[in-house]
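As structure tokens, the structure follows; a few thoughts come after it.
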Amino acid sequence: MTNTEFQSRLLNWYDQNKRSMPWRDCGDPYKIWLSEIMLQQTRVDQATPYFERFVDHYPSVNALAEADQQDVLKVWEGLGYYSRARNLHAAAQLVVDDFDGRVPDSWDDITKLKGVGPYTASAVLSIAFQKKYAVVDGNVIRVLSRYHGIDEDVRSTKTKNGIQEHADELISEERPGDFNQALMELGATICTPSNPDCGSCPLQDGCVAYKTARTEELPYKSKKKKRPHHQIGVGIVRNQKDQVLIALRPDDAMLGGLWEFPGGKQESGETFPDTVKRELHEELDITVSIIKPFMKLDHAYSHFKITLHAYLCELEEGKPEPRTSQEIRWIAIDELTEYPFPKANRRLTEKLMNLNKGQQELEI
DNA sequence: AATCCGGGGGC
DNA sequence: GCCCCAGGATT
């Protein structure tokens, strides 16, 4: 199949089958940029409601640049990879300060923005500005490795560079943005990781994997390491004013800029109450007594898993001082909704708020 | 080149 | 359970 045939079949398929998305065909570089950041390692269906809410809060680069980081993280809460939100916020301020509030339309300028790497630069430049940069994301890797019958490990840089060269050669001159979106759309809806719908694929004729019945084997990926599983003890410290103690994670840490109940990893030989007491002493310089178990939950992060054991605590001695955290605060339980929390901690705040509403069992 | 960074959905 | 997802930053 010639490149021209590849393009026309793909683009015709796209014109008839593309899904509707709030940022698609809007022509607004800010919304296209925002969508590409939200879609990093995130499915369209998961990102869409966040996109709508984010645009409601921050309809323009200027609005985003003027916002407080805490508010931006609150709108982002639940979407994960929170450095994306912090980087996007900082990048919006750079766009206002250095680029007159306009999203840069050149490679050298747009890659100056935090959180904009080769994929996002290519996506924004092609979709918003019709420039000929081919994207390579997980979808493109899957589609082209099958189409060309590439069986090297797609996790390796060399293989990805080879796929980038294929994409660079295939991309349409006239409709580069649509070509990129079409290839990704095909990967997301037809050329799926398992059970691809080859009968509906416009590229079936030229596809090596289809012709050799290797669609289930390609793309080849080396195995990932198993994720370690940690046991975490967490303290929900209450005072006489029915307030709880929360801590702000530093910007450069995992979940940076989000709040949490203080705690940490269980060490060998420790009971969970021991862990909570030790961690709170180390992190906040306080001594607490354990009142009772509050909640146990499992949660999976990208590279490890945790079981979180939370205990209701009472302050025995000392005034809490932030040591490992950026800031600490005593807040009422009904204020917990106002702060950005990561998912595992959000499950704790939800139980606290439900019990508080029912006036149950929170009395010490 | 390898590792770190969330959360959700599909199978 | 594991895998994947419109990846980027850091080491």
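None of these values were measured; they are calculated from a predicted model. Quick note on labels: first sequence line is chain A, next is B, and so on, each numbered from 1.
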Taking side chain as C-beta onward, heavy atoms only, is [X] less than 4.5 Å from [Y]?
| X | Y | answer |
| --- | --- | --- |
| A/W76 | A/M38 | yes |
| A/R86 | A/Q69 | yes |
| A/L113 | A/W33 | yes |

Let's test your reading of the model: under 3.5 Å, does the base of [N] pair with the side chain of [X] as donor and acceptor?
| X | N | value |
| --- | --- | --- |
| A/T42 | B/dG6 | yes |
| A/Y81 | B/dG6 | yes |
| A/R84 | B/dC5 | no |

Give me the distance, rounded to whole Å, that separates [N] from [M] when you measure between the [atom1] atoms they each carry.
| N | M | atom1 | value |
| --- | --- | --- | --- |
| C/dG1 | B/dC5 | P | 23 Å |
| B/dG6 | C/dT11 | P | 15 Å |
| B/dC11 | C/dA6 | P | 14 Å |

Inset, instruction - Tell me which of A/M21 and A/K114 sits closer to the 5' end of DNA chain C, going by the nucleotide each one is nearest to. - result: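 It is A/M21, whose closest nucleotide lies nearer the 5' terminus.
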Below 4.0 Å: OP1/OP2 of [N] and any side-chain N or O of [X]:
| X | N | result |
| --- | --- | --- |
| A/R155 | B/dA2 | no |
| A/Q41 | C/dG7 | yes |
| A/H299 | B/dG6 | no |
| A/K225 | C/dC3 | no |
| A/H303 | B/dC5 | yes |

Inset, instruction - Take A/Y82 and A/K158, find for each the nucleotide of DNA chain B with the closest heavy atom, and name the residue whose nucleotide sits nearer the 5' end. - result: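 Closer to the 5' end of DNA chain B: A/K158.
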Legend entry - Which residue lies more 5' along DNA chain B, comparing A/T157 with A/S83 via nearest heavy atoms: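 Nearest nucleotide further toward 5': that of A/T157.
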Legend entry - Nearest heavy-atom neighbours spanning A/V61 and A/A92: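 Smallest interatomic distance, heavy atoms only, reads CG1-O, 3.7 Å.
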Legend entry - B/dC5 - base-pair partner by Watson-Crick or wobble geometry, distances under 3.5 Å: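 Base partner found: C/dG7.
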Inset, instruction - Step by step, work out the ring pair (Phe, Tyr, Trp, His ring centres under 6.0 Å) result for A/Y147 and A/F6. - result: CA-CA 11 Å; A/Y147 184 81; A/F6 187 102; 5.0 Å; yes
In whole Å, I'd like the distance from the [atom1] atom of [X] to the [atom2] atom of [N].
| X | N | atom1 | atom2 | result |
| --- | --- | --- | --- | --- |
| A/L79 | B/dG9 | CG | P | 12 Å |
| A/K223 | C/dC4 | NZ | P | 8 Å |
| A/Y119 | C/dG7 | OH | P | 6 Å |
| A/I163 | C/dA6 | CD1 | C1' | 15 Å |
| A/Q164 | C/dA6 | CD | C1' | 14 Å |
| A/R227 | B/dC4 | CZ | P | 13 Å |
| A/F304 | B/dG7 | CZ | P | 10 Å |
| A/D298 | B/dG8 | CG | C1' | 16 Å |

Which nucleotide in [options] has an atom nearest any side-chain atom of [X]:
| X | options | result |
| --- | --- | --- |
| A/K343 | C/dA6, B/dG7, B/dG6 | B/dG7 |
| A/K221 | B/dG7, C/dC2, C/dC5 | C/dC5 |
| A/S302 | B/dC5, C/dC4, C/dA6 | B/dC5 |
| A/N139 | B/dG7, C/dC4, C/dA6 | C/dA6 |

Counting any heavy atom closer than 4.0 Å, what does [X] reach on the DNA or RNA strands: base, sugar-phosphate only, or nothing?
| X | result |
| --- | --- |
| A/M254 | sugar-phosphate |
| A/K305 | sugar-phosphate |
| A/I37 | nothing |
| A/G78 | sugar-phosphate |
| A/R249 | nothing |
| A/T120 | sugar-phosphate |
| A/K224 | nothing |

Inset, instruction - Classify the ring geometry between A/H148 and A/H166 as parallel (under 30°), tilted (30 to 60°) or perpendicular (over 60°). - result: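 Because their plane-to-plane angle is under 30°, the rings of A/H148 and A/H166 count as parallel.
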Legend entry - Presence of salt bridge, A/E152 and A/K158, under 4.0 angstrom: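 Salt bridge absent between A/K158 and A/E152.
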Inset, instruction - Without swapping roles, check the side chain of A/D274 against the backbone of A/T271 for a donor-acceptor pair under 3.5 Å. - result: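 Answer holds: yes.
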